[in-house]
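The structure appears right after this line, and notes come after that.
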Amino acid sequence: MTQERYNPRDAEPRWQRVWAERGIFETKNDDPRPKYYVLEMFPYPSGRIHIGHGRNYVMGDVVARFKRMKGFNVLHPMGWDAFGLPAENAAIERNSHPKVWTYENIETMKAQLKLLGLSLDWSREIATCDPAYYAEQQKIFVDFFDKGLVYRKESEVNWDPVDNTVLANEQVIDGRGWRSGALVERRKLSQWFFRITAFAEELLSALDTLDRWPDKVRLMQRNWIGRSEGLSLRFQLDASTTPLGTSEIEIYTTRPDTLYGASFLAIAANHPLAEKLAEENAELAEFIAECRRGGTSAEAIETQEKLGFDTGVKAEHPLVPGWFLPVYVANFILMDYGTGAIFGCPAHDQRDLDFARKYGLPVKPVVLPEGEDPASFGVGDIAYDGDGTLFNSAFMDGLSIPDAKDAVAKRLENQSLGNAPQGKRQVNFRLRDWGISRQRYWGCPIPVIHCPSCGPVPVPKEDLPVRLPEDVTFDRPGNPLDRHPTWKHVACPKCGTAAVRETDTMDTFVDSSWYFARFASSAHMSPLAKEAVDHWLPVDQYIGGIEHAILHLLYSRFFTRALTACGRISVAEPFAGLFTQGMIVHETYKDAAGKWLFPEEVEKRSDGTAVRKGTEEPVTVGPPEKMSKSKKNVVPPEVVADSYGVDCARWFMLSDTPPERDSEWTEAGIEGAWRFAQRIWRLVNEAVDLAGPTPVAPTTFGPEATAIRRAAHRLVAHVAEDFDRLRFNVAVARVHAYVNGYADAVNAARARAGALPADEAAALLEGARMLVGVIAPMIPHLAEECWTVLGGEGLVAEAPWPVADAALLVEDEMTLPVQINGKKRDELTISATASDADIEKAVLALDGVARALEGRSPRKIVIVPKRIVNVVV
RNA sequence: GCGGGCGUGGCGAAACUGGUAGACGCAAGGGACUUAAAAUCCCUCGACCUUGGUCAUGCGGGUUCGAUCCCCGCCGCCCGCACCA
């Protein structure tokens with residue numbers, strides 16, 4: 001018999017060739033079987049792939065292969081999120097072109113991905129930087145424009161005053177530009193926005209329909225959208241303290257009930273009133289300039305020291321005539337949220353309290369926690385934001401918080417300021433419209449022409465795409481499109497006068513907000529063919545990193561709605577099922593000089609120390625971290641493919657760690673996978689050897705054969721369940737457990753004198769076939785090899801999922817743990833159909849129970865069906 | 001700062017989300033086979049007490065016949081925060 005080792009270096013490329021030659025992963029849109037769309041978030045072509053990228057794709061591949069076996073017409077495509085900042089950085093650093101760099105990376109990474117043996121339909125491959133792709137995106141932009149979903153407004157960017165360029169948030173390090181080191185400031189720019197807030201309510205409420213999304217992601221989106229019900233309220237300003245023309249400030253609050261606890265008003269540094277006041281007030285102007293220092297990110301703004309500036313303006317309390325509150329400009333108030341102005345109630349808001357303490361403002365509690373004495377209750381360093389009853393609040397005294405909110409809203413709705421109600425109930429969202437303008441070259445051009453007489457005019461669809469010019473240089477900072485000698489100069493499509501193109505390009509999140517719909521059309525179809533999109537969407541299983549939980553997924557949900565609103569598609573939600581996988585981490589290594597080393601440069605000693613391979617030079621081993629090029633803790637797929645084979649890598653990636661958690665890549669782990677692969681290969685060969693040529697199917701099975709069959713059928717049923725729930729680590733554990741039992745059966749069969757009875761031979765072969773079917777989605781190459789040995793028909797990649805016989809899954813006996821007062825004292829094995837009375841009787845007869853009872857009589861016996869018995873004394 | 005998550009043996013974890021805590025794997029130790037090694041196979045493997053117990057799921061409380069799971073309060077680590085993708 002062939003007891004050679006399984007050789008992945010021979011088998012893996014061979015099977016990959018067979019799959020490719022037969023085109024079995026190329027999906028037809030007109031296939032009558034039920035559809036299943038599985039998609040992993042497409043990669044940014046950053047250079048080279050490492051095994052850490054692979055986990056995502058391998059998990060998707062298991063799903064794709066499993067669903068194929070289950071009889072679905074599976075769509076499993078791949079593409080490239082190819083626009084973005086790193087290509088421009090590479091262009092600057094190595095004086096190459098972003099396009100050249102990007103396509104070189106795509107070529108490399110595609111070859112690497114192919115090594116993994118993924119069942120991808122490469123015929124639908126896309127790259128977002130392909131004009132064929134972004135042409136459609138520009139059409140979508142024009143559709144959105146026509147539908148009123150695009151508009152222009154001013155918003156702030158990170159400005160590097162030395163390089164005179166806009167910086168991304170990640171390019172701002174500790175408030176300074178990453179190249180120039182200059183202090184970054186916020187600067188206003190006119191930019192394009194998608195009106196995502198038009199769908200805020202729906203994006204929120206539809207989260208309830210996404211029952212195959214992780215709760216945590218839905219919660220994050222809910223909080224991000226941040227619907228709140230509150231009151232918008234206008235404060236009259238003391239005319240003697242304000243410049244002409246400003247007589248009021250409008251604020252938004254979700255806590256109007258605390259209005260009697262107000263001690264100040266605060267407005268954003270870029271609030272129109274602040275800017276107007278600054279014209280007359282040099283000190284304030286200086287303060288505002290100070291506020292503008294630093295980046296635009298919420299993180300930067302909210303972690304900086306809270307500062308305020310008393311403008312001298314006084315605002316009259318709407319409920320207490322003659323009570324004036326000071327108006328501050330504060331660096332933590334965001335112009336983008338609400339009205340860019342708040343009233344501060346220090347007793348019941350921590351940020352307001354910190355501010356009040358800093359500037360010596362009064363702190364007056366108006367909500368009394370239950371059980372506190374109104375005479376003595378005070379607030380120290382911690383604001384009270386809990387439940388309670390209103391006090392110190394005139395007509396609201398004694399009311400609950402919700403009742404007080406209602407009462408004060410009613411009062412202010414009926415109170416006039418100017419000719420309008422002073423207060424208005426208002427639903428507010430934290431979600432802001434999506435700014436898509438980027439002052440960069442390597443992105444999709446925004447198809448707009450700015451005409452001096454017509455204003456911004458969308459480029460007519462027949463003139464699309466607006467192509468990126470390729471003759472650009474990156475020898476100085478700024479956007480090459482803007483300084484290109486000819487590209488932007490065009491005639492206005494409306495009136496023909498000399499006009500200029502928009503030189504901003506789109507946020508790369510736009511590219512990834514519809515790519516999943518692009519895959520629905522095969523290569524020769526139009527890029528967003530409605531029929532195809534409506535057929536394939538939603539994606540049945542989407543897999544990607546948790547870092548995309550909010551932005552990418554929310555933008556994609558918006559796009560689906562906006563495209564539907566434009567009549568381009570009819571889809572409610574883009575992703576019916578979502579799974580967020582963890583990263584692969586690896587130890588890091590540094591040599592004596594502190595330089596990072598690749599894992600293959602390091603030799604680990606049995607005493608736990610490590611040295612540089614082939615030397616005595618000590619190496620410092622660091623804790624496992626996310627695989628990254630910069631720290632060199634990466635394992636390239638080629639290295640694995642050339643040694644253990646990619647099946648072992650796939651098996652290892654699926655083993656042990658739950659897929660949503662980070663998983664550590666270790667040499668020992670991959671060795672374990674190798675041993676297991678060899679073990680399967682040996683067992684399958686041995687089973688074929690023992691059972692001989694395909695035996696006649698027996699009609700009855702003896703106890704040995706039945707035991708083998710029970711285990712196999714149970715394996716099939718359990719693993720199918722595990723795959724459906726994406727619990728790959730549990731599936732792997734089940735396969736291990738099964739193989740342990742199967743090996744025992746093979747050993748027993750071998751030890752048996754004489755020929756193997758036909759029923760056992762048949763059971764062994766069935767057990768092997770089922771095993772191979774079950775592992776096929778996970779380690780497809782080895783499975784094909786085993787399938788051949790077992791005489792399976794065709795390819796296992798195209799074989800149906802094995803069918804588990806329900807009759808073999810039921811147990812006729814059960815073993816119940818027996819507890820006394822919640823501690824396990826004994827076990828009871830009894831017929832699975834035993835009644836509670838039978839169980840009770842049998843339990844009391846147990847030795848362990850009698851011993852534990854020590855003559856006492858049980859007070860109560862809790863019987864949980866098929867689970868446990870607890871005797872309470 | 002705000003929002004979200006995670007925490008179980010030496011290590012990765014499992015436990016059908018209220019019912020035997022530690023399945024399965026890795027590492028380690030012992031043994032068999034071998035001239036030897038590799039490979040393979042068998043056994044041991046949370047801690048503490050000499051059977052049987054006691055203690056153990058980050059820490060401290062609570063609810064329950066029973067808590068890794070639910071509630072309250074801490075500690076530590078990770079992710080996101082709108083121009084990284």
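First the proteins, then the strands, lettered A, B, ... as listed; each starts at 1.
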When you compare B/U57 with B/U17, how far apart are their C1' atoms, in angstrom units rounded to a whole number? 15 Å

Between atom CG in A/Leu553 and atom C1' in B/G4, what is the gap in whole Å? 14 Å

Can you tell which of B/G5, B/G25, B/G1 lies closest to the side chain of A/His736? B/G25

Distance between C1' atoms of B/G25 and B/G9 (Å, rounded): 14 Å

Can a side-chain donor-acceptor contact be found between A/Asp507 and A/Trp434 if the only test is distance below 3.5 angstrom? yes

Which nucleotide in B/U20, B/A15, B/G5 has an atom nearest any side-chain atom of A/Val730: B/A15

For the C1' atoms, the ones on B/C69 and on B/C6, what distance do you get once it is rounded to whole angstrom? 15 Å

Check the phosphate of B/C16 against A/Arg734, side-chain N and O only, distance under 4.0 Å to OP1 or OP2. Yes or no? no

Output the single nucleotide from B/A85, B/C41, B/A27 whose closest atom is nearest the side chain of A/Arg679. B/C41

Measure from CD on A/Glu667 to P on B/C11 and round the result to the nearest Å. 21 Å

Report the nucleotide, chosen from B/A85, B/A82, B/C65, that has the shortest atom-to-atom distance to any side-chain atom of A/Lys860. B/C65

Should the pair A/Arg152 and A/Trp192 be classed as cation-pi, given the thresholds of under 6.0 Å to the six-membered ring centre and 45° from the axis? yes

From C-beta outward on A/Leu551, which listed nucleotide comes closest to its side chain: B/A14, B/A85, B/G66? B/A85

In whole Å, I'd like the distance from the NE2 atom of A/His548 to the C1' atom of B/C81. 15 Å

Round to the nearest Å and state the distance from A/Phe652 atom CZ to B/G25 atom C1'. 10 Å

Centroid-centroid distance, A/Phe652 to A/Trp665, less than 6.0 Å: yes

A/Glu547 has an atom CD; how far is it from atom C1' of B/C81, in whole Å? 14 Å

From B/A85, B/G1, B/A82, pick the nucleotide closest to the side chain of A/Asp81? B/A85

Report the nucleotide, chosen from B/C65, B/A27, B/A85, that has the shortest atom-to-atom distance to any side-chain atom of A/Leu85. B/A85

Is the distance between the ring centroids of A/Trp514 and A/Tyr133 under 6.0 Å? yes

Please check the phosphate of B/G4 (OP1 and OP2 only) for any side-chain N or O of A/Asn223 closer than 4.0 Å. yes

Quick one: does A/Asp656 reach the base of B/G12 with a side-chain donor-acceptor pair under 3.5 Å? yes

Centre-to-centre under 6.0 Å for A/Phe516 and A/Tyr542, is that the case here? no

Taking atom P in both B/U8 and B/G60, compute the distance separating them and give it to the nearest angstrom. 16 Å

Nucleotide forming a Watson-Crick or wobble pair with B/C55, both distances under 3.5 Å: B/G46

Nearest whole angstrom, please: distance from the C1' of B/U40 to the CZ of A/Arg750. 11 Å

Distance check needed: B/C6 P versus A/Met583 CE, whole Å only. 16 Å

chi for B/G9 classified (syn = within 90 degrees of 0, anti otherwise) as syn

